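Working notes for the structure below.
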Amino acid sequence: MNAHNRICIVDDDWIYQLVIRRMIEKQTPPPQVLTYSNGQEAIDALRAAAADADALPDVLLLDINMPVMDGWEFMDEYLQLKSSLVKPLRIYIISSSIAPQDHEKARSYADISGFLTKPVTEETLERL
């Protein structure tokens, strides 16, 4: 994962955010980590940074179950927004859900690069 300059974590669990942030920051060189507690905050940030490639994340780690705007709602908004972004994002669902329908739904979005089940390990993050 160290080839990426900016990683975005979208998850309502602040402990999970902290754990993943620490794992990511062990990379050399450490990427900048952005965190948001729900999909709406992340969409708002993407809109604000749409024309600035340096401000946009390279990778986005997205939880499914969040208040305000969940991961699926985020993806629907992202599909409307992505044509205005100056660079593409690699999006990974990271969820504790083991429901087959969530995995199937993730595969239905061409913009989702993969589905990872929590807890995520440092090795898994390095493979991204």
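Here the structure is a predicted model, which means the values were calculated and not measured. All heavy atoms count here, side chains included; hydrogens, waters and symmetry mates do not.
- Side-chain contact check for Val33 versus Glu25: some heavy-atom pair is nearer than 4.5 Å.
- Gln80 and Asp76 are not linked by any side-chain donor-acceptor pair at a separation below 3.5 angstrom, with hydrogens and angles left out of the test.
- Checked for salt-bridge contact, Glu77 and Arg47 meet the test: a charged N lies under 4.0 Å from a carboxylate O.
- Checking Tyr109 against Arg107 by side-chain atom types alone, no donor-acceptor pair falls below 3.5 Å.
- Side-chain contact between Val10 and Cys8 is present, with heavy atoms from C-beta onward closer than 4.5 Å.
- In this structure, Gln17 contributes its side chain and Asp11 its backbone to a donor-acceptor pair below 3.5 Å.
- For the atom pair CG (Leu34) and CD (Glu41), the distance works out to 12.0 Å, reported to the nearest 0.5 Å.
- Contact check for Asn38 versus Asp12: no side-chain heavy atoms found under the 4.5 Å cut-off.
- With a 4.5 Å cut-off on side-chain heavy atoms, Leu89 and Asp58 do not count as touching.
- Partners of Phe115 by ring-ring contact (aromatic ring centres under 6.0 Å, His included), not counting sequence neighbours, listed by chain and number: His103.
- Annotation: side chain to side chain donor-acceptor pair (under 3.5 Å) contacts of Ser97 (sequence neighbours excluded): Asp102.
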Show every donor-acceptor pair shorter than 3.5 Å between a side-chain atom in residues 61-72 and any protein atom, with sequence neighbours excluded, or say none if there are none.
residue	atom	partner	partner atom	Å
Asp70	OD1	Trp72	N	3.0
Asp70	OD1	Glu73	N	2.7

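- Residues Ile43 and Tyr36 are not in side-chain contact: their nearest non-hydrogen atoms beyond the backbone lie 4.5 Å or more apart.
- Residues Leu60 and Tyr92 fail the side-chain proximity criterion, which asks for heavy atoms closer than 4.5 Å.
- Between Asp111 and Arg90 there is no salt bridge, since no side-chain N of the basic residue sits under 4.0 Å from a carboxylate O of the acidic one.
- Put simply, CD1 on Ile112 and CD1 on Ile91 are 7.0 Å apart, with the number rounded to the nearest 0.5 Å.
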